[in-house]
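What you see below is based on every heavy atom in this structure, not just the backbone, and it leaves out hydrogens, waters and symmetry mates.
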Amino acid sequence: MTKHQKRLSVPKSWPVERKTDTFTVKAGAGPHGEEGVPLVVLLRDVLGYVDSKKEARYALSEDAILVNGQAINDEKRPIGIFDILAFPGRGEYYRVFPDEGGRLALTEIDEDAAQSRLGKIEGKQQVPGGQTQLTLHDGTNVLIDDDSGYETNDSIVIDNDDKSIVAHFPYEEGALVTAIRGNHGGKIGEIDAIDVTPGSGSNTVGVDTDDGGFETVEEYVVVIDENFTGDDE
C-alpha cells in the first residue's frame, strides 16, 4: 500500500488545493474511512496554525488539541463530518460541517456546543447480553439498553465525556437535514418526501429549501438540529 497521497486524487470533500503541489498527507487508520481528512491538513492548510508535520506533532504532544473531547497524538488521525475540534488553550472550538459543494469546513462554535457531537445511525443490531448496538456514520458503536425509537437514518447527539445520548432526531418528513455529499452537498432544508425504492436501490429524499429544494439519495442526507448549522451563537 502506498504511503503517499496525490492531491489530484483526494476525495472531493477534502479542503485542499489540488494543483499547488503534487502530494499531500495520507490519512492514517481510523474513523470516517477514505473520507477522513488527516488532522495535520486542517491544522496546516485550513487554520494555518502549523507549517509542518513536525510542528503538528509538537502541538499534539502538549495535549493542546482535542477531537471529540479526547487528546490526539497522531497528526494523521482522520477527521470527518460532525467531529469536534477543540483548542482549549486558545478558547477556540470548531465543528466539521459541509460547505456548499460538500467540502469539509470548520464552523466555529462555543465551548458548550463543543461538549457533544452529532452522529447518523447507519446500523442497528442486537448484541450478546440483550443490549442494542447503534453504528454511526464514522464507525463509532454506541450500546443502549432500550432501542425503542431509534432507527437507521436517525441522528443522535453524544456527550463527549460519558458517551451518553443527549438528544435524538428522527428521520422523517419535516425533519431538518443537510446534504453531506453529492451535487447538493452543504445545502440545508426540511424533508418534504421520502420515496422508498423497491429492491436494492437507494431511497430518494425530497428536501425543501429556501431556494426551491432538491432531490438526492437517502445516504447523502443527515438529520440535524438548528444548533448544528453554525447559527447557534
Side-chain angles (χ1 to χ4, degrees), residues 1-61 63-87 90 92-109 113-114 116-120 122 135-140 155 158 160 178-187 219-222 224 228-230:
M1 181 180 296
T2 178
K3 296 182 180 180
H4 305 288
Q5 174 67 64
K6 287 190 175 182
R7 285 177 176 260
L8 287 175
S9 63
V10 300
K12 292 181 179 180
S13 60
W14 282 33
V16 298
E17 296 296 329
R18 285 161 171 75
K19 297 183 180 180
T20 54
D21 294 292
T22 302
F23 295 100
T24 186
V25 179
K26 185 178 178 67
H32 300 288
E34 295 181 354
E35 296 293 319
V37 182
L39 176 57
V40 66
V41 170
L42 297 180
L43 298 178
R44 183 189 62 196
D45 301 346
V46 178
L47 293 169
Y49 288 167
V50 301
D51 294 322
S52 64
K53 287 191 289 184
K54 182 178 180 180
E55 290 184 9
R57 291 190 193 110
Y58 176 78
L60 294 172
S61 71
D63 291 343
I65 303 168
L66 308 180
V67 177
N68 300 331
Q70 303 297 314
I72 301 299
N73 57 17
D74 180 8
E75 77 277 5
K76 295 184 179 181
R77 196 271 196 191
I79 306 297
I81 194 73
F82 301 123
D83 277 345
I84 302 296
L85 194 59
F87 303 85
R90 291 174 172 265
E92 296 180 7
Y93 306 88
Y94 299 91
R95 178 183 297 115
V96 180
F97 200 80
D99 65 8
E100 290 190 12
R103 282 173 51 129
L104 298 180
L106 297 178
T107 299
E108 192 164 3
I109 57 177
S116 59
R117 65 186 179 89
L118 188 76
K120 177 182 180 178
E122 293 193 343
T135 300
L136 306 184
H137 69 282
D138 60 357
T140 300
S155 290
I158 306 169
N160 286 334
T178 184
I180 59 172
R181 289 189 293 274
N183 294 333
H184 305 287
K187 292 184 178 180
E219 292 83 358
Y220 286 3
V221 298
V222 178
I224 59 174
F228 288 81
T229 64

Compare every heavy atom of [Y] with every heavy atom of [X], then report the nearest pair and how far apart it is.
{"X": "A56", "Y": "L43", "result": "CB-CD1, 4.2 Å"}
{"X": "V222", "Y": "S155", "result": "CG1-OG, 3.5 Å"}
{"X": "L60", "Y": "D74", "result": "CD1-C, 3.7 Å"}
{"X": "G36", "Y": "P78", "result": "CA-CB, 3.8 Å"}
{"X": "P98", "Y": "A179", "result": "CG-O, 3.9 Å"}

Do [X] and [Y] make a side-chain contact, defined as non-hydrogen atoms from C-beta onward lying under 4.5 Å apart?
{"X": "T140", "Y": "R117", "answer": "yes"}
{"X": "L39", "Y": "L85", "answer": "yes"}
{"X": "R77", "Y": "I65", "answer": "no"}
{"X": "Y94", "Y": "I79", "answer": "no"}
{"X": "F82", "Y": "T178", "answer": "yes"}

If you measure from [atom1] on [X] to [atom2] on [Y], what distance do you get to the nearest 0.5 Å?
{"X": "D83", "Y": "I72", "atom1": "CG", "atom2": "CD1", "answer": "9.0 Å"}
{"X": "L106", "Y": "F97", "atom1": "CG", "atom2": "CZ", "answer": "12.5 Å"}
{"X": "H137", "Y": "E122", "atom1": "NE2", "atom2": "CD", "answer": "7.5 Å"}

Practice prompt. Look only at the side chain of K120 and the backbone of V221, and say whether a donor-acceptor pair between them is shorter than 3.5 Å.
Written response: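 The answer is yes, because a donor-acceptor pair under 3.5 Å joins these two groups.
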
Sequence-distant partners of [X], side-chain contact (heavy atoms from CB on, under 4.5 Å), two or more places apart:
{"X": "L66", "answer": "A71, A86, P88"}
{"X": "D99", "answer": "R103, A105"}
{"X": "K187", "answer": "H184, F214"}
{"X": "A114", "answer": "I84, Y93, I109"}

Response to the item:
By side chain to side chain donor-acceptor pair (under 3.5 Å), S52 pairs with (sequence neighbours left out) none

Item to complete: Can you sort out the partners of Y49 under ring-ring contact (aromatic ring centres under 6.0 Å, His included), two or more places apart, ordered by chain and number?
Response: F87

